[in-house]
Amino acid sequence: MSRKISDSTVYVGVDDLQSELFESQYIIPEGIAYNSYLILDTKVAVLDTVDSIMASQWLEKLSGALGDRTPDYLVVHHMEPDHAGSVKVAMERYPGMTLVASAKAIHMLPQFFEDLDIAGRTLEVKEGDRLELGTHSLQFLAAPMVHWPEVLVSFDESEGALYSADAFGKFGALSRCGFYGRDDEDWTCEGRRYYFNIVGKFGAPVQTLLSKAAKLPIRTIRPLHGPVLEDNLNYYLSLYDTWSRYEPETEGVFIAYASIHGHTAVAAHKLADMLEERGVSKVVVSDICRSDIAENVEDAFRYPKMVLAASSYDGGLFSPMSDFLYRLGMKNYSNRTVAVIENGSWAPSAARVMKESLGKMKNVTVLEPSLTIMSSLKQSDLPALARIADALVK
């Protein structure tokens with residue numbers, strides 16, 4: 001069923017509970033929502049489509065919400081296939097509909113739909129342009145690299161609604177997580193994992209979008225994934241401001257370890273005990289060989305300090321830690337303090353490789369000295385481990 005969210009705006013998005021991975025890499029145990037909105041005014045506008053795997057369900061919902069009306073416009077804020085995957089079937093179903101999008105999005109259309117004939121059926125819009133629907137008027141704002149270059153967001157002043165594309169999105173189907181967002185850890189945990197793994201590399205463009213949004217009388221945010229946000233919008237805006245500045249959100253230390261036979265894990269947990277004894281309020285320990293790498297990326301950005309503990313392997317670094325560091329670099333990890341612990345039975349090499357990777361990241365301070373464990377943690381290693389704990393507390 002569609003859901004009315006105002007006198008003239010209807011939610012016609014769909015939940016995907018069948019996919020196990022989002023973008024073929026992020027686990028989604030609670031599913032994912034593909035959000036689409038319908039404005040019924042003098043003119044009728046559909047705002048975004050859904051992933052092609054859910055096209056039939058979406059078209060059925062859209063048809064029911066339209067009744068005996070037909071859409072005049074299809075607004076495409078973002079061309080990524082999870083949102084624009086049903087553009088072709090929609091344009092074929094409603095031949096009188098005009099596609100409204102940025103120049104870059106229109107240019108991208110043939111890349112996804114080679115045989116879609118859109119001649120004379122597109123309306124190119126840019127920053128400051130408006131789409132007049134009657135009492136509703138959509139004002140477009142360019143949001144390039146949040147997180148693709150063709151992205152637009154739009155603002156409907158009559159409802160104070162910001163249609164924010166991928167910004168302010170969240171993992172989780174609405175049938176599982178609720179239609180309206182709650183300003184608590186329920187939203188924040190998956191909103192944070194979504195932000196740092198999907199949008200996180202592009203902090204500067206997000207800051208630009210936030211500065212534009214600050215000038216608008218926003219009363220609700222309607223993203224393309226996750227719940228509609230209405231209450232305490234400053235909570236979400238503040239989080240996005242912190243995240244996109246690459247500033248830590250929560251005081252504490254994140255310890256990420258990659259252990260082959262368990263000895264490096266012992267050192268990681270011993271350090272955690274030492275930090276807690278020294279009064280660190282939040283210490284998070286993760287076995288990155290067995291946990292969700294996207295959650296580990298999330299925690300690395302959440303806290304100001306991190307410890308990397310890893311085994312040496314093939315003259316280099318144990319691959320789970322190598323993969324983790326690659327992901328952090330790709331997502332623009334910066335402005336943090338990191339301590340390093342390596343393990344090696346005959347030729348320790350992990351610390352060197354970890355430091356090389358961290359050295360390529362912006363404003364990352366690597367604490368010295370690092371600790372080298374020869375095969376297993378021994379009593380003689382504890383003073384050096386304690387020095388690391390002391391340095392992290394400082």
Side-chain angles (χ1 to χ4, degrees), residues 13-17 19-36 48 50-51 54 77-78 80-85 143 145-148 151 153 162-207 209-210 213 221-229 233 235-250 254 284 286 291-303 324 327-328 330-333:
V14 295
D15 280 350
D16 177 3
L17 297 172
S19 298
E20 295 179 347
L21 296 174
F22 179 73
E23 289 190 351
S24 294
Q25 57 181 322
Y26 304 114
I27 61 170
I28 44 173
E30 298 299 324
I32 188 80
Y34 307 124
N35 295 344
S36 174
D48 299 290
V50 302
D51 193 291
M54 306 300 292
H77 290 100
H78 183 19
E80 198 167 8
D82 51 325
H83 307 300
M145 300 319 301
V146 186
H147 62 121
W148 276 25
V151 174
V153 302
L162 179 69
Y163 293 95
S164 61
D166 266 350
F168 302 97
K170 173 185 175 292
F171 293 121
L174 302 191
S175 58
R176 295 272 181 88
C177 304
F179 187 81
Y180 291 102
R182 293 177 289 175
D183 56 345
D184 57 16
E185 189 62 18
D186 179 69
W187 185 91
T188 307
C189 181
E190 286 295 73
R192 185 191 301 113
R193 185 167 74 103
Y194 177 92
Y195 174 83
F196 282 115
N197 287 281
I198 305 296
V199 187
K201 179 178 181 177
F202 306 106
V206 172
Q207 280 287 308
L209 177 58
L210 289 175
I221 298 174
R222 298 169 181 169
L224 286 179
H225 291 299
V228 170
L229 308 178
L233 295 184
Y235 176 81
Y236 308 103
L237 292 165
S238 176
L239 282 175
Y240 257 62
D241 185 50
T242 297
W243 295 342
S244 58
R245 291 179 187 274
Y246 302 101
E247 295 176 353
E249 177 190 345
T250 306
F254 175 52
V284 177
S286 178
S291 54
D292 174 22
I293 193 170
E295 286 195 5
N296 293 320
V297 168
E298 169 196 348
D299 280 333
F301 279 96
R302 181 175 183 177
Y303 300 100
F324 179 51
R327 190 75 67 99
L328 287 181
M330 186 169 62
K331 299 303 179 182
N332 204 20
Y333 184 73

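Nothing here was measured: the structure is a model prediction, and the numbers come from that model.
- Taking SG of C177 as the reference point, atom CZ of R182 lies at 9.0 Å (rounded to 0.5 Å).
- Between the side chains of Q207 and D241, at least one donor-acceptor pair of N or O atoms lies under 3.5 Å.
- Side chains of N332 and Y246: a donor-acceptor N/O pair is present below 3.5 angstrom, by distance only.
- Counting heavy-atom neighbours within 6.0 Å of E20 CD, excluding the residue itself, gives a total of 12 or less.
- Between the side chains of Y34 and D15, no donor-acceptor pair of N or O atoms lies under 3.5 Å.
- The pair D292-R193 meets the salt-bridge criterion, with a side-chain N (NZ, NE, NH1 or NH2) lying under 4.0 Å from an Asp/Glu carboxylate O.
- Classified by interplanar angle (parallel below 30°, tilted 30° to 60°, perpendicular above 60°), the ring pair H77/Y163 is parallel.
- In this structure, H78 and H147 have perpendicular ring planes: the angle between them is above 60°, well past the 30° mark.
- Looking at heavy atoms from C-beta onward, L229 lies out of side-chain contact with Y180 at the 4.5 angstrom threshold.
- Remark: the backbone N or O of Y235 is not paired with any side-chain donor or acceptor of D183 at under 3.5 angstrom.
- Using a 4.5 Å cut-off on side-chain heavy atoms (C-beta onward), I32 and S19 make no contact.
- Between H225 and F168, the ring center distance fails the sub-6.0 Å criterion.
- Between L209 and Y240 the shortest side-chain heavy-atom distance does not fall below 4.5 Å.
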side-chain contact (heavy atoms from CB on, under 4.5 Å), that's the test. Do V146 and V199 meet it? Break it down for me.
CA-CA 6 Å; V146 186; V199 187; 4.1 Å; yes

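- With contacts defined as side-chain heavy-atom distances shorter than 4.5 Å, the pair E190/E185 does not qualify.
- Between T188 and Y236, the side chains place no donor N or O within less than 3.5 Å of an acceptor N or O (distance only, hydrogens not considered).
- Side-chain contact between D51 and D16 is absent, with no heavy atoms from C-beta onward closer than 4.5 Å.
- When only modelled atom types and interatomic distance are considered, D299 and S286 share no side-chain donor-acceptor pair under 3.5 Å.
- Annotation: the span from I28 atom CD1 to R176 atom CZ amounts to 10.5 Å, rounded to 0.5 Å.
- A donor-acceptor pair under 3.5 Å links the side-chain atoms of K331 to the main chain of N197, judged by distance alone.
- Between F301 and Y333, the ring planes lie perpendicular to each other; the angle is over 60°, past the 30° to 60° tilted range.
- Residues P227 and K170 are in side-chain contact: their nearest non-hydrogen atoms beyond the backbone lie under 4.5 Å apart.
- Using a 30° and 60° split on the angle between ring planes, F196 and W243 fall in the tilted class, from 30° to 60°.
- With hydrogens and angles left out, the side-chain atoms of D166 and H83 include a donor and acceptor closer than 3.5 Å.
- Using a 4.5 Å heavy-atom cutoff, the side chains of D48 and N35 are not in contact.
- Looking at Y195 and S244, their side chains come closer than 4.5 Å, going by heavy atoms from C-beta outward.
- Using a 4.0 Å cut-off between charged nitrogen and carboxylate oxygen, E298 and R192 count as a salt-bridge pair.
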